[in-house]
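The residues of the chain are indexed from 1 along the displayed sequence.
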Amino acid sequence: MHMKNKEDEYEEIFLAEAMDNFEEINRLLTHLERNKSDKNTIHALFRITHTLKGNASGMGFTGIYEIAHVLEDLFGEVRDGRIALDENLFTSMYKAVDILGGLINGIKDKTEVKYKGIKTKLEVLIKRAKERTAEVQYVEGNANNAFTQESPESDEASFLSDEAAPGESDSKISFSDLVQVPVRKLDNLLNLVGELIIEKDRILASQAGSGLRASNEYARLSRISSDLQYSVMDVRLVQVGFLFNKFHRVVRDAASVEGKDVVLKLEGTDTEIDRNVLQVISDSLIHLIRNCVGHGIEEPEERLKRNKPKDGVITLSARSETDAVRIEISDDGRGLNYQRIKAKAISKGLITAEDAEKLGNSDLSMLIFEPGFSTMDEVTAISGRGVGMDVVKKTLDSIGGTIRLASTDGKGAVIQLTLPSSMAVKSSLLFELKHEVYAIPLAYTESVISLYKTDIHKAGGGLVATHLGKNIAVVFLNDVFEQPAEKSGGNANVFQATFDDIHPETKLEIVVVNFNNRTVGIVVDKLLQQKEIVEKPLMKPVDRIKFISGFTILGSGNVCLVLNVPYVLNFIFSLSTQHKSSKNFNLN
């Protein structure tokens with residue numbers, strides 16, 4: 001059943017676009033009739049019929065495809081000056097466009113519309129135009145003259161037989177079942193829903209004292225506001241296929257520049273994701289795919305030498321997970337050369353030779369995303385898909401996405417992006433720090449643990465505790481917030497300050513967060529409940545505060561700031577590596 005719905009949805013979208021195309025063709029035709037020499041209008045008509053032809057062909061609507069095809073050819077001839085625009089031609093074109101409208105409506109009403117006659121008539125006009133050009137060029141080349149003599153009657157006859165086909169539908173104006181809504185209106189709607197949910201929480205909080213009856217009263221309010229929230233979010237979801245389908249062209253262009261043969265395969269195109277997320281990552285995806293073509297896939301001769309098919313294959317796939325969408329870009333190219341990456345990272349001073357030896361392949365591949373890893377002129381010297389990869393990673397960090405790379409030498413590489421399926425609603429954990437309430441998105445939260453001060457040990461410039469059999473860095477959030485904004489590298493033991501001040505028996509509440517393979521235990525004052533929040537972005541002038549990604553308002557009416565985990569972790573990490581003691585203070 002699910003597939004059927006997807007089919008219906010594609011058909012709805014096709015119909016909405018086709019109706020738009022149909023109306024635009026009508027508008028342009030009437031404009032052209034008044035301004036016959038307007039080249040731009042002819043170009044526009046050519047483009048629209050071309051688009052419609054492509055869409056109809058993809059959906060398998062033969063009639064629409066054939067009429068759009070013949071109209072496209074006709075506008076092509078007009079554009080090239082082989083057919084003159086006269087009254088008869090306009091009559092035929094309008095006729096064809098009406099039948100096109102009939103065919104489009106016919107999909108909805110499941111009715112048959114005859115179109116062969118007008119198609120033949122226009123084909124004959126095009127054929128004659130071509131012959132006339134041929135006659136001008138080769139006076140003697142008049143072989144097809146016989147056809148031109150008899151054609152008027154034959155095509156006229158076949159045309160007349162369809163004359164009455166569209167029936168009274170000509171005089172109706174039809175509407176599409178789809179409404180196009182600007183995204184800002186949806187954002188506004190989502191904002192209002194957020195306000196409603198906050199208001200609901202406030203009412204519930206104020207009624208908390210008045211017992212059971214009140215809670216039943218408000219149960220329905222809770223359910224409706226929650227349903228409303230998910231409906232509005234659902235409206236913002238689009239299928240990743242809309243973005244994925246644009247990449248056939250990207251791959252083709254990149255491959256022809258590189259002189260390679262590459263095929264793009266798409267999987268899971270009906271996976272749904274928030275439109276805003278898709279928009280944010282579209283440039284990054286183009287970047288990653290071009291990199292696959294440029295650095296991953298080998299030249300055809302090299303592939304044949306390695307007993308691989310001449311055509312390289314890039315697979316772009318998407319699938320839904322609980323709170324996320326996972327997009328994978330894989331190629332069957334040469335894979336990453338870890339030795340070269342290691343050498344490159346050492347030469348760029350990103351890592352010391354002794355540390356490099358300790359790194360596994362998955363850590364090595366993450367070095368590619370460090371700023372300054374690769375520069376344009378050396379990009380071919382290393383198979384390193386390094387150009388601008390730090391930008392890709394920054395983009396993903398900004399929306400709380402993660403990126404992983406895996407590769408098998410000579411077999412290809414896989415880039416895995418994990419993206420939030422919606423940017424509006426987040427499951428989060430509330431905690432308290434210095435009597436203020438903060439939220440931390442559950443997407444980054446691995447676990448919550450309580451440890452005594454005695455379980456935590458100093459190591460290098462930081463603190464370490466053992467969790468699930470492995471050492472993790474522990475940081476007091478308070479120490480992070482106390483840091484001066486510019487990384488002045490002042491006191492080397494910045495992350496031990498609060499630790500030194502507390503009583504040895506103190507029990508600490510720790511949230512273990514993980515982002516991009518870095519795990520850190522963050523010490524907070526008090527853990528509160530888990531809650532679905534609607535995060536609102538920070539507005540100017542406070543939008544530059546990096547530790548906080550947004551805010552929400554709690555039932556108490558108080559503002560609750562949402563912790564920007566990727567930034568906090570990067571900050572801790574960069575601060576700890578600045579200090580000399582960074583060798584033994586290792587944030588795994």
Side-chain angles (χ1 to χ4, degrees), residues 240-241 243-244 247-248 250-251 254-255 258 260-269 271 273 277-278 281-298 302-303 306-309 311-322 324-342 344-345 359-370 373-374 379 382-397 399 401-421 514-518:
V240 293
L243 180 63
F244 282 10
F247 286 122
H248 287 292
V250 174
V251 169
E258 298 275 341
K260 297 174 182 175
D261 298 322
V262 188
V263 184
L264 178 66
K265 271 199 187 143
L266 303 181
E267 288 168 8
T269 47
T271 308
I273 190 169
V277 177
L278 209 54
I281 62 145
S282 58
D283 286 351
S284 298
L285 276 181
I286 292 179
H287 208 95
L288 293 171
I289 284 177
R290 283 195 183 134
N291 263 329
C292 285
V293 178
H295 306 305
I297 305 277
E298 313 89 336
E302 194 183 332
R303 288 183 70 87
R306 295 186 176 197
N307 295 326
K308 290 183 173 181
D311 291 357
V313 177
I314 292 177
T315 310
L316 190 53
S317 72
R319 66 173 189 276
S320 286
E321 290 178 356
T322 8
V325 172
R326 182 159 286 178
I327 291 180
E328 283 187 356
I329 304 157
S330 53
D331 64 57
D332 63 350
R334 53 171 78 93
L336 295 170
N337 185 328
Y338 288 113
Q339 289 313 316
R340 281 192 191 166
I341 290 175
K342 199 183 286 187
K344 187 71 183 286
L359 291 180
N361 283 352
S362 64
D363 293 329
L364 278 175
S365 47
M366 291 314 289
L367 286 172
I368 287 173
F369 299 105
E370 292 297 322
F373 172 75
S374 185
V379 115
I382 155 176
S383 90
R385 307 150 176 233
V387 43
M389 286 301 221
D390 56 321
V391 180
V392 171
K393 185 159 171 312
K394 272 209 183 72
T395 306
L396 284 163
D397 287 358
I399 56 168
T402 56
I403 186 164
R404 308 280 294 274
L405 249 172
S407 161
T408 318
D409 198 37
K411 293 275 195 317
V414 182
I415 302 170
Q416 193 182 65
L417 311 180
T418 310
L419 307 164
S421 47
N514 181 313
F515 180 72
N516 259 339
N517 297 345
R518 293 174 177 174

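Residues Ile341 and Leu364 approach most closely at CG2-O, 3.6 Å, considering heavy atoms. Smallest separation of non-hydrogen atoms from Tyr338 and Ser365: CE2-CB, 4.0 Å. Nearest heavy atom pair, residue Met389 against residue Leu288, reads CE-CD2, 3.5 Å. The two residues Ile314 and Cys292 have their closest heavy-atom pair at CD1-CB, 3.6 Å. Across all non-hydrogen atoms, the minimal contact from Met366 to Arg404 is SD-CA, 4.5 Å.
Among Lys260, Arg334, Lys308, the one residue that satisfies the side-chain hydrogen bond (donor to acceptor under 3.5 Å, both in side chains) test with Glu298 is Lys308. For the side-chain contact (heavy atoms from CB on, under 4.5 Å) criterion with Ile327, the lone passing option out of Thr418, Thr271, Leu243, Leu285 is Leu285.
With Asp331 contributing its side chain and Ile297 its backbone, the two residues share no donor-acceptor pair below 3.5 Å. Between the Ser407 side chain and the Gly335 main chain, no donor and acceptor come within less than 3.5 Å of each other.
Using a cutoff of 4.0 Å between basic side-chain nitrogens and carboxylate oxygens, Lys265 and Glu267 are not scored as salt-bridged. By the 4.0 Å N-to-carboxylate-O rule, Asp332 lies close enough to Arg303 to be salt-bridged with it.
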Going through the checks in order, is the side-chain contact (heavy atoms from CB on, under 4.5 Å) test met by Ile329 and Val414? CA-CA 6 Å; Ile329 304 157; Val414 182; over 6 Å; no
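Between Leu419 and Thr402, the closest side-chain pair of non-hydrogen atoms is not below 4.5 Å. Put simply, the side chain of Val251 reaches to within 4.5 Å of the side chain of Ile289, judged on heavy atoms. A heavy-atom distance below 4.5 Å is found between the side chains of Glu321 and Arg319.
The CD1 atom of Ile415 lies 5.0 Å from the CG atom of Leu405; values are rounded to the nearest 0.5 Å.
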